[in-house]
Amino acid sequence: MVFCKRPRLLDLAKTPTHLQFNKYVLTGYRPVSTAQECLGSLFYMHNELGNIYTHGALPIIHITLLCYPALRKAALLAYILLSAYGIYCATTARTNILRLRAFVWQGLFRFSLFLFRVFGSGVGSPHSLRLFVIMDSLAVLGGLVNITQIPERFIPGWFDNWGNSHQIMHIMVVCAIIYLHWGTLEDLAWIKSYQCPNI
């Protein structure tokens, strides 16, 4: 898979410090690159290529709070702000644990929506909640795999380009997005025949 000139890839010791978060991936690091060089890296082998080619709670908020328009708008704004804060924390985190912890508030926010559906007066398809729980479970499991750095922890160097924990995490996130899609389809089919009671 070589469509453009590949730069000399770096080993772990020579890569910038902020990229040295997985001591078991030993080779295949891209050097510091310009925007054009980053685009070019889509076309040659390096240890992030799998991540690039494998990368939504807003529908859940919209449906769950359908009958509460003011609360729905406030919740959407709060979730967008939490997401922005999570991205900031993740991109400035120095360890995988801090990177995963950056998204805890988003997870707790979505969990409160699940509780509102189950025990409160939130609405939505009875079949979608299970799909959304699977979605979040896959995302959390992917984060844990990334933190534990398995399988490369057991055979350093073997999983530099393919099959390392970060790539497994990306695949699990894609699976989580598929479950989000299925849950959203359930909710959209359900909403066609639902009328909010007068509150």
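Within the model, atoms CG of Asp11 and OH of Tyr29 stand 9.0 Å from one another, a figure rounded to the nearest 0.5 Å. For the atom pair CG (Leu113) and CG (Leu129), the distance works out to 10.5 Å, reported to the nearest 0.5 Å. Residue Leu66 holds its CG atom at 9.0 Å from CD of Gln195, rounded to the nearest 0.5 Å.
Residues forming a side-chain contact (heavy atoms from CB on, under 4.5 Å) with Ser137 (at least two apart in sequence, or on another chain): Val133.
Residues Leu65 and Leu115 fall within the same hydrophobic cluster, defined by Ile, Leu, Val, Met, Phe, Trp and Tyr side chains chained together at heavy-atom separations under 4.5 Å. The hydrophobic cluster containing Met135 also contains Val118, counting ILVMFWY residues as joined when their side-chain heavy atoms lie under 4.5 angstrom apart, directly or transitively. At a threshold of 4.5 Å between side-chain heavy atoms, the hydrophobic network of Ile, Leu, Val, Met, Phe, Trp and Tyr places Leu9 and Val25 in two separate groups. A single hydrophobic cluster is not seen to contain both Ile63 and Leu185; linkage of ILVMFWY side chains at heavy-atom distances under 4.5 Å, directly or through other members, places them apart.
Between Pro59 and Phe132, the closest side-chain pair of non-hydrogen atoms is not below 4.5 Å. In this structure, the side chains of Met45 and Trp162 come closer than 4.5 Å at one or more pairs of heavy atoms. The side-chain heavy atoms of Trp182 and Ser128, taken from C-beta on, include no pair separated by under 4.5 Å. Leu180 places a side-chain heavy atom less than 4.5 Å from the side chain of Ile60. A 4.5 Å side-chain heavy-atom check between Pro16 and Val32 finds at least one atom pair inside the cut-off.
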Please tabulate, for the side chains in residues 138-156, all donor-acceptor contacts under 3.5 angstrom to protein atoms that are two or more places apart in sequence or on a different chain.
from   : atom 1 : to     : atom 2 : distance (Å)
Asn146 : OD1    : His166 : ND1    : 3.3
Thr148 : OG1    : Leu144 : O      : 3.1
Thr148 : OG1    : Val145 : O      : 3.1
Gln149 : NE2    : Phe21  : O      : 2.8
Glu152 : OE1    : Ser165 : N      : 2.8
Glu152 : OE2    : Asn22  : ND2    : 2.5
Glu152 : OE2    : Ser165 : N      : 3.4
Glu152 : OE2    : Ser165 : OG     : 2.5
Arg153 : NE     : Thr148 : O      : 2.8
Arg153 : NH1    : Tyr24  : OH     : 3.0
Arg153 : NH2    : Thr148 : O      : 3.1

Please test Asn164 against Asp160 for side chain to side chain contact (heavy atoms under 4.5 Å, CB included), starting from the C-alpha separation and ending with a verdict. CA-CA 7 Å; Asn164 62 57; Asp160 287 356; 6.0 Å; no
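Residue pairs meeting the salt bridge (Lys or Arg N to Asp or Glu O under 4.0 Å) criterion with at least one member in residues 116-136, sequence neighbours excluded, are Arg110-Asp136, Arg117-Asp187.
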